[in-house]
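Attaching a single structure in structure tokens format; questions to follow.
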Amino acid sequence: MLVRPLAAVAIFVLAAVILANSMTKDVGRDEQMYCTAGAMLAQGKMIYRDFSYPSQLPCHPLLLAACYKILSTTHYLLVGRLVSAVSDFLVVLVIVWIYRSVFVPRRTEGLLFGLAAAVLYVFNPCVDYAAGYAWNHDVVILCVAGALGLLVTTDFQKAASPLRIGLMGVLFTLATCMRVTTVVVEVLFLGAMLWIAGGPLRNRVRTALPFLTGSVATALWPLWVIAQAPEAFRLNLVRIPTLYGRWLHEIGMTFGKIPLT
């Protein structure tokens with residue numbers, strides 16, 4: 001009987017840690033880019049066409065711009081960090097949800113394992129370093145974790161809900177349209193979903209259609225933005241990162257992908 005109240009206290013403490021971590025960090029250089037893009041988008045300017053937004057697709061500035069407009073605020077950094085902090089807190093809840101869903105017959109054990117996993121997430125050195133900045137990492141992780149939660153709670157052996165599968169596509173494409181490298185995970189996720197669905201090819205195609213429909217619908221606005229200034233988009237997404245990567249190699253600030261992994 002004491003497990004649930006203790007779990008609520010633990011989640012409250014984790015939320016406080018996440019908020020404190022976010023609010024006490026020094027200003028990061030990249031936060032200028034993310035917050036400025038959101039602010040300029042809120043002013044009616046267009047990404048790529050009117051200002052540079054290197055290496056990233058435009059959905060994170062759209063989220064920040066919506067927050068700035070709704071709140072009618074110029075506290076750009078504060079709102080950007082709060083968006084990240086709330087995203088990290090929701091990731092904690094998603095982690096607990098996933099564990100409770102996996103341990104369906106044993107809800108108490110699932111709750112305890114979920115809390116333990118949430119603690120490992122919040123106090124992981126990489127998470128502690130990156131979480132809470134006004135970057136796009138936190139929202140991307142939330143989208144991917146949310147899609148994973150939907151995957152493990154969907155019974156593909158029965159008639160899986162097209163809305164749930166479509167929402168997975170929406171979440172993954174939203175993440176990709178915030179941080180383009182997420183597309184690799186999206187493709188792997190789609191392959192894993194089709195493998196889990198099993199059955200004849202027709203069944204797998206029927207399973208993939210809602211996912212692809214949600215993905216295409218989510219990608220419409222970013223594609224429209226890109227179409228406004230395709231050359232500037234290529235400069236931002238290809239040329240600038242290529243030059244930056246070359247410079248990092250020259251000054252010895254890169255690591256081999258395989259050893260680092």
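Numbers here simply count residues along the sequence, with the first being 1.
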Would T154 and R164 count as a side-chain hydrogen bond (donor to acceptor under 3.5 Å, both in side chains) if you check the C-alpha gap in whole Å, the side-chain angles of each, and the deciding distance to 0.1 Å?
CA-CA 8 Å; T154 299; R164 291 175 67 88; 3.1 Å; yes
Hydrophobic clusters here meaning ILVMFWY residues chained together by side-chain heavy-atom distances under 4.5 Å, can you tell me if L19 and Y129 are in one?
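Each belongs to a different hydrophobic cluster.
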Do L209 and V170 belong to the same hydrophobic cluster, where Ile, Leu, Val, Met, Phe, Trp and Tyr are linked whenever their side-chain heavy atoms lie under 4.5 Å apart, directly or via other members?
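L209 and V170: separate clusters.
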Would you find a donor on one side and an acceptor on the other, under 3.5 Å apart, between the side chain of N21 and the backbone of G132?
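Pair absent, no side-chain N/O of N21 close to backbone of G132.
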So does R234 have more than 12 non-hydrogen atoms from other groups sitting under 6.0 Å from CZ?
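Open.
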Is the count of non-hydrogen atoms from other residues, nucleotides or ligands lying under 6.0 Å from Y99 atom OH greater than 12?
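Atom OH in Y99 is not packed in, count stays at 12 or less.
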Lys/Arg cation over aromatic Y133: K25, 6.0 Å, 45° cone:
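The answer is yes, since K25 meets both limits relative to Y133.
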Partners of E186 by salt bridge (charged side-chain N to carboxylate O under 4.0 Å, His left out), sequence neighbours excluded?
none
Once you measure the plane-to-plane angle for F189 and F172, does it fall in the parallel (<30°), tilted (30-60°) or perpendicular (>60°) bin?
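Geometry flag for F172 against F189: tilted rings.
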Hey, what do you get for CD (Q43) to CZ (F51), rounding to the nearest 0.5 Å?
9.0 Å
Applying salt bridge (charged side-chain N to carboxylate O under 4.0 Å, His left out), can you list everything that pairs with E250, at least two apart in sequence or on another chain?
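Checked E250 against salt bridge (charged side-chain N to carboxylate O under 4.0 Å, His left out); zero matches.
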Within a strict 4.5 Å, meaning less than it, do heavy atoms of the Q56 and N236 side chains meet?
no
Is it the case that over 12 heavy atoms from other parts of the model lie below 6.0 angstrom from the CZ atom of R106?
no
Begin from the C-alpha positions of T173 and S215 and carry the test side-chain hydrogen bond (donor to acceptor under 3.5 Å, both in side chains) through to its verdict.
CA-CA 5 Å; T173 305; S215 297; 3.0 Å; yes
Residues passing the salt bridge (charged side-chain N to carboxylate O under 4.0 Å, His left out) test with R239, sequence neighbours excluded, are none
Taken to the nearest 0.5 Å, the spacing of H60 NE2 from M33 CE works out to 9.5 Å
Do R179 and L57 make a side-chain contact, defined as non-hydrogen atoms from C-beta onward lying under 4.5 Å apart?
no
Determine whether L235 and M40 fall in the same hydrophobic cluster, where Ile, Leu, Val, Met, Phe, Trp and Tyr are linked whenever their side-chain heavy atoms lie under 4.5 Å apart.
no
